[in-house]
S.K.: 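Structure in structure tokens, see below.
Residue indices begin at 1 and follow the sequence shown. Whatever order the structure lists ligands and atoms in, that order sets their numbers, starting from 1.
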Amino acid sequence: MCGIIGYTGQQAALRPLLEGLATLEYRGYDSAGVVVLDDAGATPALTIAKRAGKLGVLVDALRDQDLSGRTGLGHTRWATHGVPNDVNAHPHLSGDGDIAVIHNGIIENFAELKAELLGAGRTFMSDTDTEVVAQLVASLVEQCRRDGNEAPGSALVQAVRIAARRLEGAFSLAFVDRRDPDVIVAIRREAPLVLGRADGASILASDVAGLLAHTRDVEALLNDQVAILTPQGVTVTDLEGNPADGHRFTVDWDIHAAEKQGYSHFMLKEIHEQPGAVRETLRARTDAEGIIVLDELRLDPTELRHMDKVVIVACGTSFHAGMVAKYAIEHWARIPVEVEIASEFRYRDPILSSRMLVVAISQSGETADTLAAAAHARAQHSRVVAITNVVGSSLAREADAVLYTRAGPEIGVAATKTFITQIVALDVLALYLAQLRRALFPEECRDQLARMEALPELIEQVLDCEPQIAELARSFAGAGYVMFFGRHVGLPIAMEGALKLKEISYVHAEGFAAGEMKHGPIALIDSGGPVVALATAGHVRTKILSNIQQVKGRGAVVLAIATEGDTEIKEHADHVVYVPEAHELLYPVLTVVPLQLLGYHIATVLGRDVDQPRNLAKTVTVE
Ligand code: M6R
């Protein structure tokens with residue numbers, strides 16, 4: 001959720017901190033802050049600047065400040081404890097002003113710790129759980145110093161290790177101590193933290209975007225590892241102080257991939273990148289004979305062949321991709337599939353076994369609910385396959401196997417190209433399972449793959465509808481409520497279309513199973529109210545036409561997404577956006593595109609902050 005960055009090196013820290021925060025702002029943007037440790041004078045000092053609002057507010061406030069210290073921390077916040085204001089913004093200082101901390105995550109036992117620290121005479125300024133950590137570590141540093149830990153950084157490192165044993169919850173934390181000018185100490189548990197080295201500097205960040213200006217060689221800290229950063233290098237230990245290694249990898253995209261490149265918003269750029277992203281997802285998934293080979297899957301094919309059931313867990317848009325995949329896996333591989341919201345799954349005592357394949361989908365690979373669901377499944381001896389976009393992410397590391405979506409960096413909070421590539425990766429997985437179980441003939445698999453290879457070209461054609469959608473968006477933007485409906489694979493796309501619209505435009509929108517309309521939702525239809533119907537060719541099309549009639553009869557204005565050549569649909573719907581003909585199970589990859597564009601253009605008509613919508617964050621690392 002929050003973005004954190006730390007820098008210690010040869011140059012003034014402020015600039016790399018602010019540049020790093022700019023790349024991490026998509027993780028949270030309720031407030032931003034930095035602390036810089038200045039050791040130029042006789043007494044080293046911590047200078048803090050923090051402001052409610054987006055990073056730009058902080059940058060303006062710092063414009064005339066001369067901060068030359070070469071060690072510092074920065075933070076961009078998605079508020080959990082305490083409203084987004086200046087006081088609750090990070091960094092937080094200990095009462096004595098010696099220790100500063102930044103935090104991503106939640107300290108679940110903060111109330112108990114706070115009561116204890118208050119009892120010991122410590123006072124608090126903010127409503128955050130993070131300030132408790134600052135105070136706890138400060139009291140432990142005092143104790144460690146009394147015990148003779150005088151070497152640079154050693155009291156702080158000791159204190160952080162001891163404090164970690166008392167903290168419950170998910171966190172990545174980074175600390176500086178005024179008395180140790182060149183040292184940053186960091187720790188992580190269930191929240192991401194990556195480390196990099198470049199040009200005499202050591203840098204930490206909550207994800208690789210924060211490091212890319214410096215290096216593409218990254219070390220991801222693992223749970224309960226402690227990192228000590230100095231300008232000379234990075235040392236990683238476990239909680240006992242034994243040397244340890246994080247997970248090292250090289251990022252295969254550079255900083256330019258995370259720039260807008262002339263588009264007015266990242267979301268629009270990412271929508272237009274979808275053909276290329278799908279091409280990448282499909283690249284090199286077959287051998288010369290057209291047999292699917294998923295080397296990166298690292299699971300025994302015999303074991304996979306004998307799975308009784310597939311259970312898909314995910315959140316938000318990734319959950320919708322899982323819903324789409326259910327149709328493909330059941331139809332092609334003939335294995336029953338359950339799809340469940342990750343945050344519900346883990347708390348309902350699901351029945352799992354070693355003969356169940358759990359597929360955890362998360363573009364970021366860091367969603368706390370999905371990680372917890374995957375961990376629960378592994379504890380019950382199920383095999384877990386991760387579908388993720390982020391190499392080296394927690395989910396990729398912790399799953400038994402991983403299938404990367406290769407969509408490239410997605411910065412807009414609204415998931416677009418990662419959604420489409422998740423569906424494509426899941427379709428490949430479905431065909432792989434079908435191949436292993438001989439549920440399809442090899443030529444049937446090859447035919448399906450050939451249809452999938454054609455998708456990038458078809459998405460290009462769908463993107464041509466943008467001017468039409470932009471025009472429609474002007475008439476839909478005034479609606480208080482937009483209803484989406486579909487059947488079969490159209491249902492998850494209706495839900496995804498509604499999610500896109502509501503999250504970036506704040507227009508109330510819901511997606512329904514078209515057959516359920518008559519059981520309640522149709523009461524919402526008002527004269528002139530917009531309804532978006534997924535009405536592409538297939539075995540449920542005529543049913544959808546009836547559902548369109550039912551809402552038209554009650555005054556709805558209907559936009560239908562239909563298959564090219566379907567002229568009859570014009571007799572039913574007020575507006576039609578056409579997509580090219582495709583296999584019925586592949587339509588979601590095409591039909592979601594006009595809905596992404598509709599959400600985008602309505603949001604821009606309404607003047608919304610498309611890439612950073614209110615109350616949201618790109619990576620949701622808290623429960
Ligand atoms: O990183 P994940 O795919 O696990 O994220 C899950 C949801 O938080 C995410 O899809 C969210 O719903 C997006 N804002 C949707 O656009």
S.K.: Can you tell me the protein heavy atom closest to atom 3 (O) of ligand 1 and the distance?
M.R.: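 Checking every protein heavy atom, the shortest distance to atom 3 (O) of ligand 1 gives Ser318 OG, 2.6 Å.
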S.K.: Taking 4.0 Å as the limit for heavy-atom contacts, which would you say applies to Thr317 with ligand 1: side chain only, backbone only, both, or neither?
M.R.: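 The answer is both, backbone and side chain.
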S.K.: Please confirm whether Thr370 comes within less than 3.5 Å of ligand 1 when only nitrogen or oxygen atoms on both sides are compared.
M.R.: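 Not met; the criterion fails.
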S.K.: Under a 3.5 Å distance rule, please check whether Thr367 uses its side chain to pair with a backbone N or O of Asp369 as donor and acceptor.
M.R.: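 Flag not set: sc Thr367 to bb Asp369 has no pair under 3.5 Å.
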S.K.: Set out, in order, the CA-CA distance, both residues' side-chain angles and the distance that settles ring-ring contact (aromatic ring centres under 6.0 Å, His included) for His247 and Phe249, then state yes or no.
M.R.: CA-CA 7 Å; His247 171 75; Phe249 59 98; 5.5 Å; yes
S.K.: Compute the shortest N/O to N/O distance between Gln363 and ligand 1 and return yes if it is under 3.5 Å, no if not.
M.R.: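 N/O-N/O distance under 3.5 Å: yes.
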S.K.: Give the residue, atom name and distance (to 0.1 Å) of the protein heavy atom nearest atom 5 (O) of ligand 1.
M.R.: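 Of the protein heavy atoms, Thr367 OG1, 3.5 Å lies nearest.
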S.K.: Nearest to atom 14 (N) of ligand 1, what protein heavy atom do you find, and at what distance?
M.R.: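 Answer, as residue, atom name and distance: Glu503 OE1, 2.8 Å.
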S.K.: Can you see which heavy atom on Pro613 is nearest to which on Tyr506, and at what distance?
M.R.: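 Scanning both residues completely, I find the closest heavy atoms to be CA-OH, 3.4 Å.
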S.K.: Please list, in number order, the atoms of ligand 1 under 4.0 Å from a heavy atom of Ser362.
M.R.: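 In order of numbering, the contacting atoms are 1 (O), 2 (P), 3 (O), 4 (O).
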S.K.: Minimum heavy-atom separation for Asp129 to Ile106, with atom names?
M.R.: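 So the two residues come closest at OD2-CA, 3.4 Å.
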S.K.: State the atoms of ligand 1, each with its element, that fall below the 4.0 Å cut-off from a heavy-atom position in Val413.
M.R.: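 Every atom of ligand 1 under 4.0 Å from some heavy atom of Val413: 13 (C), 14 (N), 16 (O).
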S.K.: Under 4.0 Å from a heavy atom of Val620: which atoms of ligand 1 are those, numbered in the order shown and with their elements?
M.R.: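 Close to Val620: 8 (O).
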S.K.: What heavy-atom pair brings Leu204 and Ala186 nearest, and what distance separates the two atoms?
M.R.: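 Heavy atoms of Leu204 and Ala186 come nearest at CD2-CB, 3.7 Å.
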S.K.: Going by the order shown, which atoms of ligand 1 are within less than 4.0 Å of some heavy atom of Ala414?
M.R.: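 Contacts of ligand 1 toward Ala414, numbered from 1: 16 (O).
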S.K.: Please list the nearest protein heavy atom to atom 6 (C) of ligand 1 with its residue and the distance rounded to 0.1 Å.
M.R.: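 The closest one turns out to be Cys315 O, 3.4 Å.
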S.K.: Is the shortest side-chain N to carboxylate O distance from Glu398 to Arg378 below 4.0 Å?
M.R.: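 Not counted as a salt bridge, because no side-chain N and carboxylate O are separated by less than 4.0 Å.
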S.K.: Salt bridge or not between Glu496 and Lys500? Use side-chain N to carboxylate O under 4.0 Å.
M.R.: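 Counted as a salt bridge, because a side-chain N and a carboxylate O are separated by less than 4.0 Å.
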S.K.: Any heavy atom of Leu616 sitting closer than 4.0 Å to ligand 1?
M.R.: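 Checking ligand 1 against Leu616, which is what was asked, there is no heavy-atom contact under 4.0 Å.
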S.K.: Going by side chain to side chain donor-acceptor pair (under 3.5 Å), Gln274 matches just one of Gln596, Arg279, Lys417, Glu460. Which one?
M.R.: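 It is Gln596, the one option of Gln596, Arg279, Lys417, Glu460 that forms the side chain to side chain donor-acceptor pair (under 3.5 Å) with Gln274.
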S.K.: Please work out whether the ring planes of His75 and His90 are parallel, tilted or perpendicular, with thresholds of 30° and 60°.
M.R.: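 Judged by the thresholds at 30° and 60°, the geometry between His75 and His90 is parallel.
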S.K.: Any idea which part of Lys500 is under 4.0 Å from ligand 1, heavy-atom wise: side chain, backbone, both or neither?
M.R.: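 Side chain only; the backbone of Lys500 stays clear of ligand 1.
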S.K.: Side chain or backbone, does Ser364 bring an N or O within less than 3.5 Å of an N or O on ligand 1?
M.R.: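 Such a contact does occur with ligand 1.
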S.K.: Of the non-hydrogen atoms in Arg487 and Gly515, which two are nearest, and what is the gap between them?
M.R.: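 Shortest heavy-atom separation between Arg487 and Gly515 comes out as NH2-CA, 3.4 Å.
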S.K.: Using 4.0 Å as the upper bound for N to carboxylate O, is an ion pair formed by Glu338 and Arg348?
M.R.: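 Salt bridge: yes.
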S.K.: Where's the contact between Lys618 and ligand 1, heavy-atom distance under 4.0 Å: side chain, backbone, both or neither?
M.R.: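 No part of Lys618 comes within reach of ligand 1.
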S.K.: N/O to N/O below 3.5 Å, does that happen between Ala415 and ligand 1?
M.R.: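 Yes.
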S.K.: Please check whether Gly316 reaches ligand 1 - meaning an N/O of the residue sits under 3.5 Å from an N/O of the ligand, judged on distance alone.
M.R.: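 N/O-N/O distance under 3.5 Å: no.
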